[in-house]
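To start, the structure itself, in C-alpha cells.
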Amino acid sequence: MTYFSAVITLTYFMDYSKTVNLPKTDFPMRANLVQREPEMLKSWESENIFRKMSELHAGGPRFTLHDGPPYANGHIHLGTAFNKILKDIAVRSQMREGKQALFRPGWDCHGMPIEHQVMQKSGRKKAEVDPVSFRKEAAEYAKKFVEIQKKEFQRLGVYGEWNNPYLTLLPEYEAQEVRIFADLSLAGYIYRGKRPIYWCTHCETALAEAEIEYKDLSTDSIYTLFPLAGDPQKLLSGAENTFFLVWTTTPWTLPANVALLVHPELNYSLVEFEGRNIILAENLIPVVFSKVGKKATLRQTNIKGKELTTLLAKHPFLERNVPVIPANFVSAEDGSGIVHSAPGHGEEDFLVGKEHNLPVLSPVNETGRFTADVPEWQGISVWDANPLIVQKLRDNNCLLFSEEISHSYPTCWRCKNPVIFRATEQWFLNVDHQDLRRRMIKATEEIKFFPPESQHRMEGMLETRPDWCLSRQRHWGIPVPILFCRDCKKPLMEERKVFERIAEVFSREGSDSWFKKEANDFVPKDVSCACGSNRFEKEKDILDVWFDSGVSWAGVLEGAGSCPADLYLEGSDQHRGWFQTSLITSMATREKAPFRQVLTHGFMVDESGRKMSKSLGNVISSEEVLKEFGADIVRLWAAGQDYGSDIKTSLHGFKVVAEQYRTIRNTLRFILGNISDFNPEEDAIKKENLLPVDRWALAEVSRFQAEAFSGYQNFSFYRVAGQIYDFCNLTLSAFYLDILKDRLYTYSKNSPERRSGQTALYHIGELLIDLLAPILVFTAEEAWRYLPRRKSDPESIHLRGHENFQEFKDETLTVAFNEFFGLRKEILKTIEDVRAQGEIGSSLEAKVDVKVNPELLLKLAPLLLEKYLKELLIVSEAEISANPKSSEPEIIVNRTNLPKCPRCWVHHNEIGRSSAYPDLCPKCADAVSSLQNVM
RNA sequence: GGGCUCAUAGCUCAGUUGGCAGAGCACUGUGCUGAUAACGCAGGGGUGGAAGGUUCGAAUCCUUCUGAGCCCA
C-alpha cells in the first residue's frame with residue numbers, strides 16, 4: 001500500500017511538473033551589487049547614458065538643484081554620501097517628471113583646512129612661505145581630492161556633469177567672485193573697521209564664526225570690586241566707601257575695560273560687608289555671599305538697573321573712570337548682575353559700546369601678548385596674565401573672591417586652542433546696509449522650506465547675525481581685491497574699472513596673479529587716487545572661504561541662466577553657512593534670493609544618538625558600507641531616512657536595509673519570471689476584460705503611483721521608499737502574487753485568465769522599476785533589461801518617462817477589497833487554528849464556509865466571490881452566504897473531501913471529466929492538451 | 001546659558017483634528033517545497049524618556065526635568 005501510493009505520486013510529479021508555467025528569468029536572485037555596479041557604470045559610460053539623460057527634456061521646463069560644494073579635503077564620508085544621494089534622487093525624480101534637470105557638482109577648494117594640511121606637510125610656518133609656490137601646492141592638493149571624491153560620488157551612481165564640475169579655484173569662478181565683491185563695494189556694503197573678531201593666537205589669524213568649536217574649559221570666575229567714583233544724583237544713601245561688584249571670567253580683558261553693564265530692569269541692592277558698601281543684583285545676594293562664606297547686611301534695596309546708570313565707577317587698577325551702561329543681555333542668573341565691558345574683546349560689548357560711543361581698546365597683539373599700552377604686563381600672553389591680574393586685584397584689595405568654573409569656551413577648529421576676541425582692522429560686509437537684514441528675512445517668507453520649521457530657524461539666525469567679517473590673514477584663498485594708495489593709504493573702492501581689470505586678469509591667469517604682479521598692473525592708466533597719487537599697493541588679506549561658496553549662484557547659475565535655483569539641499573548647519581552667505585550676496589547685489597526652495601537634513605549620529613566623530617570611534621565610513629553592501633543599498637538607506645531629524649546609523653541598520661532590498665529584488669524577480677513569455681503589445685488584456693482581482697491590483701497600482709509621485713514632488717523620499725517596500729511586501733508578496741501563482745502556473749499559457757494576471761504583473765513591474773529608478777539606479781536598470789519591451793521603449797530606464805496608470809483607478813473595487821481584507825484576516829486565523837490541530841497542512845486542503853450579514857455581502861459583490869473566493873483564499877472549496885442574524889462573520893473551516901488534482905494541487909469535484917486525462921481537473925486537462933497541440 | 005528639533009515594541013519608524021497604542025524587521029511557532037541562500041500564516045512583545053497639570057478621557061495640549069542633535073553665545 002505504502003509502496004503503491006509512492007510510485008503513483010512520483011509518476012504524476014514527474015509528468016506534470018514539466019507542464020506548468022514556472023517563473024523563468026535570468027534576472028539573478030543574488031544582487032552581487034559590489035561586482036555588478038561598476039560594470040553597469042561602464043556600460044552607461046559607453047552608451048553615453050548621462051549625456052542622453054541631460055538631452056532628454058532639452059527645451060522643456062528646467063529643474064536646477066545647485067550643488068553646495070563639499071570641501072576638497074579627504075575622502076567622502078557617510079554624511080557627504082547621504083547628501084549627494086538625496087540630491088541625486090531629487091534630480092532624477094524631477095527628470096522623470098519630464099523636466100530638464102542638470103546637475104553640476106562643485107567643490108570648495110580654498111581655506112584653512114587645506115592650507116593647514118599643506119603647511120603641515122612642508123613643516124613651514126606662515127611667515128616663511130612664498131605665497132606663489134605655496135598656492136600651487138595647495139591647488140594641487142585640492143585638485144587631487146576633487147578627483148578622489150569625484151570617483152567616490154560616481155561610484156554611488158550619482159548623475160551629474162562630472163566632466164564639467166565647478167571648482168572655486170577655477171579662474172572664471174574667481175573672476176566672477178571679484179565682480180560680486182565689486183558690486184558689493186560699489187553699493188556701499190563693504191567697509192573696513194576695527195572690530196573684535198575671533199582670533200586664534202596660535203594660528204595667528206582671524207577666524208570665522210564657522211571656524212569656532214565650543215569646548216568645556218575651566219576658567220577663572222572672579223568677583224572684583226570697582227570703587228564708586230561719582231554719584232551726582234545722590235542715588236545712594238552713603239556714597240562713601242562704596243563699590244560695584246563686577247563679575248568676569250576673563251580677567252585679562254580688564255585692562256581694556258571701558259564700562260560697567262547692568263540690566264536696566266533688574267533690581268539692585270546695596271549691602272554692607274566688612275566695612276564696605278557693595279552694589280549687586282538683589283536676587284544674587286544669597287548666592288554670592290554663600291560662596292564668600294560670610295554674611296552681608298542689607299542697606300538699601302529696590303534700585304533699578306537704569307537708575308545705576310547715573311553713576312560713575314573707578315577702574316580697580318588703572319587711572320580711569322568708567323560709566324555704568326544698561327544692556328539687556330546682562331544675566332540675572334550668574335555672577336553679580338554687573339559685568340565689565342571691553343568692546344575690543346567681545347561681540348556684545350562692542351555693540352553696546354558702539355551705541356554709547358565707547359572707545360574700542362585692544363591692547364593685545366596677534367600672538368596674544370599685551371602691547372605697550374599695558375606696560376605692567378607688556379609681552380606677557382593673556383593666558384599667563386590672568387593669574388597676575390587676579391593677584392593685582394587682590395593686592396589692591398579689590399577682589400571679593402575668585403573660583404574656577406567650567407563653561408563652554410570658543411576654541412579654534414584647527415588647532416583646538418582657546419581663542420580670544422581681539423579688535424583688528426578687517427574687511428566687513430554690512431548686513432544692515434540698505435535694510436539688507438530686513439529684506440533677507442522678508443525673502444525667506446517667499447521661499448519654500450523642507451521641513452517648514454527650517455524657515456523660523458533661518459529667520460532667527462538672520463535676526464541676530466553680526467556683520468560678516470570677510471577678510472582672513474592667510475595665503476590659500478582669493479585675495480580681497482582692494483588696492484590702497486601708497487601715499488594717503490586710502491583704499492580704492494569706488495572704481496569699477498579697477499575691479500574690472502582685476503576680474504579680467506583673474507579670468508585669464510587665476511587669482512595667483514595677485515601675488516605675482518605689481519599693484520599697478522591692476523590699475524588702468526587713467527585711474528589715480530583722490531589725493532592725486534597713482535602709486536598703489538595690494539591688500540594682503542584673502543577672502544573668507546565662505547565668500548567663495550557664497551557667490552556660487554553667480555559663478556555657476558547665472559551664466560547658465562538658472563538663477564534662482566529650484567533647490568538648495570544641505571545639512572542643517574548650512575542655515576548659518578552656505579544658505580545664509582548665498583542669500584546675503586544675492587540679496588545685496590541682485591535683490592533676490594538665489595533659491596526658491598531649501599531642503600535641510602540632519603546629521604549622522606550613532607545608534608545611541610550621539611554625533612559621529614573620530615574621537616568617539618563611532619564613525620561608519622562610506623567606503624566600508626559601499627564595499628560590503630554596494631551603492632544601491634547605500635542609496636536605499638539614504639532614501640529611507642526621515643532627514644528632518646538626525647539620522648541614526650549603524651552597521652546593523654544597513655543589514656536591515658539590505659534585507660529590505662532583497663525583498664524588493666525578489667519581488668522584481670518573481671514578476672519578471674512570470675512575464676517572460678508576455679508581449680505587452682500582443683498579449684495584454686483590455687482593462688474591461690481583466691479579472692476583478694487583476695483590476696483591483698491595477699487600481700492599487702494607480703493609487704500607489706499617485707502617492708509615490710506626491711512623495712517625490714515633496715522630496716519625501718523616505719515616504720516613497722516606505723511605500724515601495726510596503727507595496728512589495730504587503731500588497732504583492734503577502735497577497736496578490738500569492739493568489740496569482742495558481743493562475744500563472746497552471747492555466748494554459750495563452751488563456752485569458754493567465755494573460756489577465758500577466759497584464760497586471762507587467763504594469764506592476766513597469767511601475768516598480770519606474771518608481772525605483774531614482775533610488776535604486778543600478779537595480780532598476782538591471783531589471784529593466786529583463787522586462788519585456790515595447791518597440792518604443794528606450795535602452796535605459798533612465799531615459800524613459802513615466803507610464804501613467806491613473807486610468808486604472810477604481811474606487812468601488814478598492815473599497816470592496818478593503819472590506820474583503822478584514823474578512824480574509826479572520827478566515828486565515830481560523831485556517832491557522834485548524835492547521836494547528838493537525839487537520840490540514842496546505843491551505844489547499846481546506847474547505848471554507850462563511851456566513852456574513854447581508855450588508856457586508858453586498859459590499860463584497862464587485863469581487864464576484866461566488867466564483868473567485870477560493871482563489872482569493874488559496875483554498876480548494878469556499879462558499880459565502882448571507883445570514884441576517886450574524887453581526888460578526890461565522891467562519892467554518894474543514895478538511896476537504898475532494899480528490900486532489902496532481903497537477904495544480906487543488907482539490908476538485910470535476911476530476912476525470914476529461915477522458916484523455918482522467919486524473920486531472922478540467923482546467924489542467926485543457927492546459928496539458930493545448931500544450932500537446934502546440935507540440 | 002539662548003533658539004530650533006527629537007525621544008512610541010529589542011531595532012527602524014506610523015499614528016490627520018485629544019477617543020480601544022499600530023506596521024516592518026528581529027524573535028517564537030508553523031505551513032509549503034512550483035519565488036527555494038525564497039514564499040505564506042499565526043503568536044509573544046509596550047509603565048508611550050521622567051514627573052506634574054488641564055480634561056469625562058492625553059502618545060497627542062500645558063509646565064518642569066532628563067538625554068540627544070544642529071546652530072548661536
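All chains are named by letter (A, B, ...) in the order of the sequence lines, taking the proteins before the strands, and each is independently numbered beginning at 1. Note that these values count all heavy atoms, side chains included, but never hydrogens, waters or copies made by symmetry.
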Of the nucleotides [options], which one has an atom closest to the side chain of [X]?
| X | options | answer |
| --- | --- | --- |
| A/E832 | B/G29, B/G34, B/C70 | B/G29 |
| A/D738 | B/A14, B/G40, B/G3 | B/G40 |
| A/Y745 | B/G34, B/C72, B/G40 | B/G34 |
| A/K829 | B/A14, B/A42, B/C39 | B/A42 |
| A/L828 | B/A35, B/C41, B/A37 | B/C41 |
| A/L730 | B/C70, B/A26, B/G24 | B/G24 |
| A/R669 | B/A37, B/C71, B/U36 | B/U36 |
| A/R457 | B/G3, B/G24, B/G34 | B/G3 |

[X] side chain N/O closer than 4.0 Å to the phosphate oxygens (OP1, OP2) of [N]?
| X | N | value |
| --- | --- | --- |
| A/R835 | B/A42 | no |
| A/R824 | B/A42 | no |
| A/K741 | B/A35 | yes |
| A/S733 | B/G40 | yes |

Say we look at [N] and [M]: how far apart would their [atom1] atoms be, to the nearest angstrom?
| N | M | atom1 | result |
| --- | --- | --- | --- |
| B/A14 | B/G53 | C1' | 28 Å |
| B/A9 | B/A23 | C1' | 11 Å |
| B/C4 | B/A59 | P | 26 Å |
| B/C27 | B/C11 | C1' | 12 Å |

Q: Measure centre to centre between the rings of A/W247 and A/H340, then say whether the value is under 6.0 Å.
A: no
(Q) For the aromatic rings, using the six-membered ring if either is Trp, is the centroid distance between A/F629 and A/W637 under 6.0 Å? (A) no
Using a heavy-atom cut-off of under 4.0 Å over every strand shown, decide if [X] touches base, sugar-phosphate, or nothing.
| X | value |
| --- | --- |
| A/Y718 | nothing |
| A/N674 | nothing |
| A/R903 | base |
| A/K825 | sugar-phosphate |
| A/N729 | sugar-phosphate |
| A/G841 | sugar-phosphate |
| A/S454 | nothing |
| A/R662 | sugar-phosphate |
| A/S842 | sugar-phosphate |

Q: Using modelled atom types only, decide if a donor and an acceptor are shared between the side chain of A/T600 and the backbone of A/S572 within a distance under 3.5 Å.
A: no
Q. Hey, is the main chain of A/A342 close enough, under 3.5 Å, to the side chain of A/D349 for a donor-acceptor pair?
A. yes
**Q.** Residue mapping more 5' on RNA chain B - nearest nucleotide basis, A/S843 or A/D726
**A.** A/D726
Q. Nearest nucleotide by nearest heavy atom, which residue falls closer to the 5' end of RNA chain B, A/V656 or A/G460?
A. A/G460
Counterpart base for [N], defined by Watson-Crick or G-U wobble contacts under 3.5 Å:
| N | value |
| --- | --- |
| B/C6 | B/G67 |
| B/U55 | none |
| B/C32 | none |
| B/U12 | B/A23 |
| B/G1 | B/C72 |

(Q) Does the Lys NZ or Arg CZ of A/R635 fall within the cation-pi geometry relative to A/F82 - under 6.0 Å from the ring centre and within 45° of the axis? (A) no
Q: Look at the rings of A/Y568 and A/F579 and say which category their plane angle falls in: under 30° parallel, 30 to 60° tilted, over 60° perpendicular.
A: tilted
Q: Take the angle between the ring planes of A/F717 and A/F715 and call it parallel below 30°, perpendicular above 60°, tilted in between.
A: perpendicular
